[in-house]
Structure formats: structure tokens, C-alpha cells
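Here is the structure we will look at.
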Amino acid sequence: MRKLVILGLLASLTSPVFAAPDPKAPITLARSSDWETSFNEHSCHLTATFGEGANSAIIRMTRYEPGNELDLTIYGGPFQIYGSRLSAKVRFGNEQPTQRDAVAGRSGNKLPLLILISVRLDGWKPKKFGQLGPAITPQQEAQIKAIEVTLIETRSFRFETDPLAKPMASMRDCTANLLKRWGFDPAQQLALSKLPEPLKSPANWLKDNDFPKGALGRNGLVPFRLDIDEAGKVAGCVVLLRTNPDDFADLTCALISKRAKFSPALDKSGTPVRSYFVNKVHWMSM
């Protein structure tokens, strides 16, 4: 697990307004398409459609690196939600539900969307800062046949996924190929004895007065990847996903590249090696 979500410039939580006839009755949506695996230079996605007509929704699971965490994005009319920062619960199969930060908005083609940040299929949560969770096994993935999402103070949705073993195996192959495209040896990176570690808390990388004046009143979610060299210096920064508005993307990389300092990654023999660090910034105006 490398992701330590930075929540910069947070506004107070906003209670979502969600139109539903009976907030206690869950809405069940059956999968109506095959799972499709897609990728670009920086990320891997699993996508499927659920339900039919006006009540249909699209689920996209995204990973920006090999690991056990993913971002869960739900697109569609049923997720016409108001409030830029929300709280939601997610449950995979019979695992424990976990409460996560959620971001509401619209996609490039104007579809309403909800993003649940850095979730795990097994519901595991760290008990202390920096604690790494257990690896999720193919057997656990095979037992997961549904995803339940509950927006706090509103109704629940149950997406009938069917067993996730094959889709998640495809996701693992995709993320291993991501490392190759970035110029890393997947075997070396997955066997590191130490990951690159920030010398100071990532929460200190951005400050209140960094918020771009031209973007006041708007919000942005910026996932990014830092290339960390053998000396622990930031050798490059890549924005992994650009959203509308795009005011925050390049600014995030410029500021973090200047301020972030690391101890380098170590290979299995203890030798410093080049590696990477993935994180997110959620910009929110007060």
C-alpha cells in the first residue's frame, strides 16, 4: 500500500440531497454487460454496466499501481448527488463495510458520478498510520459477488457483480504491465525491502495559500505519481487523471516536486533503487 491520501483545504462535510422513495429499501442492480479491462499509460480500469434504462449505472474500478487498493467510480442518473465532499459506506460481498471519503461530480460527458477513494475488497483498515494490510487473495476475490454502496443518510445500492476472480486477475496483469511501461522491473518493485518514504508528512506539501485564486469556489481531485531516484530525490511527477476543471493538476505536480523529500526505496538486498510514489490531492475551497 503506497497511497496516503492528502486532503488539502477541506470544506465542512455537506449532507447530500438524494431523491429516493424509500430510504430504507436497497436498490438492486444486476450486471447488464461483461466486465471490460482497459488501460492507458498511467492507470488500469475494470468497467461494467448495471441495470437498464434510466436507473442504469456504470461501475469503474481503477488502480494506478499494483496493490490492494482501488478507486471505485459510479456513473449514472441514480447518482445525481449534491455536495462536493461526502461520506459513504462500501461493502464487497460479505466483507466488513468501511466508511470512505467520497467525491461527487460529473464526468466529461455530463454523467453524474460518485468516486470512493482508496477502497479495499476485504474491508481492512489500518489501526495506525502507515500500516500495510494483508494481500487480498484470488480466493477472496472469487467470494465477492456484489458491491453495496450506502451514502450516509440516504438509501443503499447493491450491484450484483458475479464473482470478481477473473476481472481482478485481469487487473493484476494490467498493473504489472503499467510498471513495465514506466520503465520499472515489476519483479524488483514487488520485492522491495523498503518503499520510498516521505521524510516529512505529505500533509505539509501543500498549504492554504497554494489554492489558485482563479479556481475559488471549485474543487479538484488530482491523483499523481512521483518518480523517486536512488538518492531519494523527486525526478519527475505525472498527473494520473485530469478532471474538469483542470486548474489544479499541473500546480499540484509543480509544488509537490519542489517540496517533497524522500528516503529511497531499497531492493531485497538493501541497495537503494529507483521507485515511485502514488498519492492524491483533494483540493477544496473554503
Side-chain angles (χ1 to χ4, degrees), residues 1-11 13-18 29 35-36 38-40 42-50 56-65 67-92 97-121 123 125 147-159 161 171 175 215 218-225 239-249 252 278-285:
M1 182 178 107
R2 296 171 185 246
K3 295 177 183 173
L4 305 171
V5 178
I6 308 170
L7 296 176
L9 317 178
L10 295 182
L13 287 178
T14 304
S15 297
V17 178
F18 194 97
L29 299 176
W35 284 105
E36 294 186 3
S38 61
F39 65 90
N40 55 36
H42 307 304
S43 56
C44 294
H45 311 280
L46 284 174
T47 306
T49 301
F50 294 79
S56 66
I58 298 170
I59 279 188
R60 187 179 74 174
M61 294 187 279
T62 301
R63 279 184 176 152
Y64 299 105
E65 60 174 330
N68 294 295
E69 293 185 352
L70 54 84
D71 286 356
L72 181 69
T73 305
I74 308 172
Y75 304 85
F79 285 84
Q80 178 73 43
I81 304 162
Y82 302 94
S84 58
R85 183 170 183 257
L86 315 169
S87 186
K89 287 185 179 180
V90 60
R91 177 188 181 101
F92 292 89
T98 56
Q99 188 166 325
R100 308 301 303 172
D101 288 316
V103 180
R106 288 186 175 271
S107 64
N109 58 4
K110 306 301 183 182
L111 276 177
L113 63 82
L114 180 76
I115 305 174
L116 280 75
I117 301 169
S118 301
V119 300
R120 287 177 55 109
L121 301 186
K125 294 183 70 174
I147 301 172
E148 294 182 10
V149 176
T150 302
L151 294 171
I152 306 305
E153 299 179 1
T154 67
R155 71 189 311 179
S156 298
F157 285 78
R158 178 180 173 88
F159 300 92
T161 62
M171 175 71 89
T175 53
R218 294 183 291 176
N219 307 304
L221 181 66
V222 184
F224 64 91
R225 186 183 73 249
V239 174
L240 302 176
L241 176 68
R242 291 179 179 269
T243 57
N244 185 22
D246 197 29
D247 307 66
F248 308 102
T252 296
V278 173
N279 212 316
K280 296 183 182 73
V281 176
H282 186 191
W283 294 85
M284 297 192 74
S285 59

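Fair warning: this is a prediction, and the values are worked out from it, not measured in the lab.
Using a 4.5 Å cut-off on side-chain heavy atoms (C-beta onward), S118 and K280 make contact. A heavy-atom distance below 4.5 Å is not found between the side chains of D71 and L241. When side chains are defined from C-beta on, L121 counts as touching L70, because their heavy atoms get closer than 4.5 Å. Here the side chains of F92 and V119 are in contact, with some heavy-atom distance below 4.5 Å. Contact annotation: the side chain of I147 approaches that of L72 to within less than 4.5 Å [non-hydrogen atoms, C-beta and beyond]. Side-chain contact between W283 and D247: absent, with no pair of heavy atoms (C-beta onward) separated by less than 4.5 Å.
Judged purely by atom type and a 3.5 angstrom limit, R120 has no side-chain atom pairing as donor or acceptor with the backbone of K125.
Of the residues listed (L113, I115, L114), the one engaging Y75 in a side-chain contact (heavy atoms from CB on, under 4.5 Å) is L113, and it is the only one.
Closest approach of T150 to S156, counting heavy atoms only: OG1-OG, 2.6 Å. For M171 against M61, the heavy-atom pair with the smallest separation is CE-O, 3.3 Å.
For S43, the side chain to side chain donor-acceptor pair (under 3.5 Å) partners are N40, H45, not counting sequence neighbours. Qualifying side chain to side chain contact (heavy atoms under 4.5 Å, CB included) partners for A48, counting only residues two or more places apart in sequence or in other chains: R31, S33, W35, F50.
No donor-acceptor contact under 3.5 angstrom links the side chains of Y64 and R225, judged on distance only.
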